[in-house]
Protein chains: 2
Amino acid sequence: MNDAAPISILIADDHPLFLKGLREIIEQESEWRVCGSAQDGQDALDQIVDTSPDIAILDINMPRLDGLAVARYIHERHLSTAIIILTMYDDELLISRAVSCGVKGFIIKESAIDDIIAGVETVARGGYFLSPRLSGRLFHGSSEHHILQNVVRMELTKMERKVIRLVSEDLTTRDIAEKLFISPKTVENHRSNICKKLKLHGKNALLRYVLEHKETLQRILQEC
Amino acid sequence: MNDAAPISILIADDHPLFLKGLREIIEQESEWRVCGSAQDGQDALDQIVDTSPDIAILDINMPRLDGLAVARYIHERHLSTAIIILTMYDDELLISRAVSCGVKGFIIKESAIDDIIAGVETVARGGYFLSPRLSGRLFHGSSEHHILQNVVRMELTKMERKVIRLVSEDLTTRDIAEKLFISPKTVENHRSNICKKLKLHGKNALLRYVLEHKETLQRILQEC
DNA sequence: TTTTTTCTGGGGGTTATCCCCTATATTGCT
DNA sequence: AGCAATATAGGGGATAACCCCCAGAAAAAA
């Protein structure tokens, strides 16, 4: 960390308060420099492409383009900027998705300031960083979200994913049939197969399951 | 705001980053002074009792004691400190609860910095402040949470509340009947009456409704 | 090309929920 | 004491979801 040139860092968060706090923290370090800030993902991406900072610290929830979408873009085009993702929640599904988007660091916002600094430092040195609170649970076997990811993404077929998504949107079998231009009976078959694959038994089991994991499901099933 | 003595402000948030940002914003104003900061509610409360600041800005979600509990304590003992609550979400139920805890300001964290300053200023002058995004919807008639609060608490009878709570815990009519030592038919009647009062129609409407508002419901129905 | 999987339909059945009734006992309020 | 609301219980019916079976067509994989 004894380079002459300071490490350039772009920060992006739609919460002004957070942006302010983050900037203060970074500017306390003499070898770091905030080369830009953004309040939405698109602006952040444009600035990254323009100025190619060493590191970009992105909030995961931002207007126009979320942090992961920015990360995916950077990763696919092999740009040099290392991405650190900020999040409010320790959501394992997000972490695994982030890793596949080439994210180098994953920091939970409630971290102590020293932990945040340590994370940025690690990534600046070319390493990977996960907030302590996150990494603990990461290797803790099958979390709810892992089940969801594996089961919904891997085991379910395209049509089954479409159906389960529409179920989660409060549509009945008949509605789904109309929407997909297939017979209600076919939809029932799909429902039945979904229940088998997800090991759901009993009346309204699928409905309960789907409403219980509504947000997570709809996040996973965006592509359908 | 031309007093000689600066306005003393205590800030509390379990997110160090936020705390940092908040402190920076406040210290930019010459007539304001951060007289203390805390990362949990108990610490905040102790400091408020000790130093009686003019204003305390409290995050709603904090370890040990949440922001509303602190506000309630301050309010019940008629301490002079004015409370401003910070929150991530525009949850109307929280606002109404906060108002009954004597809270003077309610600021959503994603507000622009100027809005935050305006809010603190308003409360410092003895006024009440609600973030623009919040107040807009507050007077917008029947919000989801108002429906819940009014309908569930006021319109539903004791038994109906017990039943809807057990429905939200994934119990079937038969299970509920066994648990309450009444006939399944009675439970069905209660369900039916609940549906009428909540204006729910169609198959599984109650189940959908209840799962949709699970957390809110169980928060409201703690006493059952 | 052969094989497997998926998608598409259907028959027929059980059950839970919702919905419309009626009716009695109890509780609480005026 | 009388009235209203509530809790209890049931009859009977409609429908949606689940559950088992089967089978042909289409698509994907081997």
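Convention: sequence-line order gives letters A, B, ...; per-chain numbering from 1.
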Enumerate the salt bridge (charged side-chain N to carboxylate O under 4.0 Å, His left out) contacts for residues 45-57 of chain A, please, sequence neighbours excluded, ordered by first and then second residue. none

Let me know the distance between CD1 of B:Ile176 and C1' of D:dA7, rounded to the nearest Å. 16 Å

Between atom NZ in B:Lys162 and atom C1' in D:dA7, what is the gap in whole Å? 11 Å

As a quick check of understanding, evaluate side chain to side chain contact (heavy atoms under 4.5 Å, CB included) for B:Val70 and B:His75, giving each step before the final call. CA-CA 9 Å; B:Val70 177; B:His75 187 238; over 6 Å; no

Nearest whole angstrom, please: distance from the P of D:dA5 to the CG of B:Leu156. 16 Å

So where does chain B start and stop touching DNA chain C, 5' to 3', when the test is distance under 4.0 Å to a non-hydrogen atom? C:dA16 to C:dC21

Can you find a side chain N or O atom of B:Thr186 that sits less than 4.0 Å from OP1 or OP2 on D:dA7? no

What is the distance, rounded to the nearest whole Å, between atom CZ of B:Phe181 and atom P of D:dA9? 12 Å

Could you pull out all residues at least two apart from B:Asp14 that satisfy side-chain hydrogen bond (donor to acceptor under 3.5 Å, both in side chains)? none

Residue pair B:Pro184/B:Lys203 against DNA chain D: nearer the 5' end by closest nucleotide is B:Pro184

Checking B:Leu166 against B:Asp175 for the side chain to side chain contact (heavy atoms under 4.5 Å, CB included) test, could you report, in this order, the C-alpha distance in whole Å, the side-chain angles of both residues, the deciding distance, and whether it holds? CA-CA 9 Å; B:Leu166 293 173; B:Asp175 297 337; over 6 Å; no

Would you mind classifying the nucleic acid contact of B:His190 as base, sugar-phosphate or nothing, using non-hydrogen atoms under 4.0 angstrom? base

How far apart are the C-alpha atoms of A:Arg191 and A:Leu206, what are their side-chain angles, what is the distance that settles it, and do they pass the side chain to side chain contact (heavy atoms under 4.5 Å, CB included) test? CA-CA 8 Å; A:Arg191 291 185 85 127; A:Leu206 180 57; 3.9 Å; yes

End axis versus end axis in the helix from C:dT1-D:dA30 to C:dT30-D:dA1, the angle rounded to 10°, five pairs used at each terminus: 50°

Distance, rounded to the nearest Å, where A:Tyr209 contributes OH and D:dA17 contributes C1': 18 Å

Atom CZ of A:Arg208 and atom P of D:dA16: how far apart are they, to the nearest Å? 18 Å

From CA spacing to verdict: side chain to side chain contact (heavy atoms under 4.5 Å, CB included), B:Thr186, B:Met159: CA-CA 10 Å; B:Thr186 307; B:Met159 216 53 188; over 6 Å; no

Under the side-chain hydrogen bond (donor to acceptor under 3.5 Å, both in side chains) test, which residues partner A:Asn189, sequence neighbours left out? none

May I have the distance from B:Ile194 (atom CD1) to D:dT6 (atom C1'), rounded to whole angstrom? 13 Å

Checking side-chain contact (heavy atoms from CB on, under 4.5 Å) between B:Thr87 and each of B:Leu58, B:Ile60, B:Asn61, B:Ile107, which is the one that passes? B:Ile60

Protein-nucleotides 20-29 of chain D N/O pairs closer than 3.5 Å?
none

Considering all heavy atoms of both residues, which atom of A:Cys35 and which atom of A:Thr51 are nearest to each other, and what is their separation? SG-OG1, 4.4 Å

Can a side-chain donor-acceptor contact be found between B:Asp43 and B:Gln39 if the only test is distance below 3.5 angstrom? no

Take atom CG of B:Leu207 and atom P of D:dC18, then tell me their distance rounded to the nearest Å. 10 Å

Name the residue from A:Ile26, A:Ile116, A:Ile83, A:Val34 that meets the side-chain contact (heavy atoms from CB on, under 4.5 Å) definition with A:Ile57. A:Ile26

Between D:dC19, D:dA9, D:dA16, which nucleotide gets closest to the side-chain atoms of A:Cys195? D:dC19

Could you tell me which non-hydrogen atom of B:Leu156 sits nearest to which non-hydrogen atom of B:Arg161, and how far apart they are? O-NE, 3.5 Å

